[in-house]
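Values in this document were obtained by computation on a predicted structure and should not be read as measured data.
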Amino acid sequence: MMYRQRLQRLSGSLVMSTFMSAALSGVFSLLEFGLSIQWLQVWGQSILIGLPIAFSLDMVFGDKLRFLSGKLADKAASVWP
């Protein structure tokens, strides 16, 4: 059971960090370079830089942040009519 939880955490962190690094680096580099070949090159490099950083941050802070967001959602749901 413990192995399955660890595997779920690792795969969840990998999926989330991949999506976030691809999406955010794509948006910000598109704003900087516009739709061009140079943008695609910079985007590819940015993903390679952003992915390990995002993965590491998610592994370190992910559980605490998910707990906090759950608490905030519960609090908001309790006051919502």
Report the residues that fulfil side-chain hydrogen bond (donor to acceptor under 3.5 Å, both in side chains) with S21, sequence neighbours left out, ordered by chain and then residue number. none

How about CD1 on I37, more than 12 heavy atoms from neighbouring residues, nucleotides or ligands closer than 6.0 Å, or not? no

Besides M16, the hydrophobic cluster formed by Ile, Leu, Val, Met, Phe, Trp and Tyr side chains linked at under 4.5 Å, directly or via other members, contains F19, M20, L24, V27, F28, L31

Starting from L14, walk the hydrophobic network (Ile, Leu, Val, Met, Phe, Trp, Tyr; side-chain heavy atoms closer than 4.5 Å) and list everyone else you reach, by chain and number. L10, F55, M59

Side chain to side chain donor-acceptor pair (under 3.5 Å) partners of residues 39-54, not counting sequence neighbours, each pair once: S25-W43, S29-W39

Which residue pairs pass the side chain to side chain donor-acceptor pair (under 3.5 Å) test when at least one of the two sits in residues 70-81, sequence neighbours left out? none

Are D63 and R66 side-chain neighbours, meaning at least one heavy-atom pair lies under 4.5 Å? yes

F67-L65 co-clustered via ILVMFWY side chain contacts under 4.5 Å: no

Hey, any chance F61 and V15 share a hydrophobic cluster, counting ILVMFWY side chains that come within less than 4.5 Å of each other, even indirectly? no

Is it true that R9 and D58 make a salt bridge, defined as a side-chain N closer than 4.0 Å to a carboxylate O? no

Give every residue pair that meets the salt bridge (Lys or Arg N to Asp or Glu O under 4.0 Å) criterion with at least one member in residues 11-23, sequence neighbours excluded. none

Quick one: CG on L30 to CG on L35, what's the gap to the nearest 0.5 Å? 6.0 Å

If you measure from OG on S17 to CD1 on I47, what distance do you get to the nearest 0.5 Å? 11.5 Å

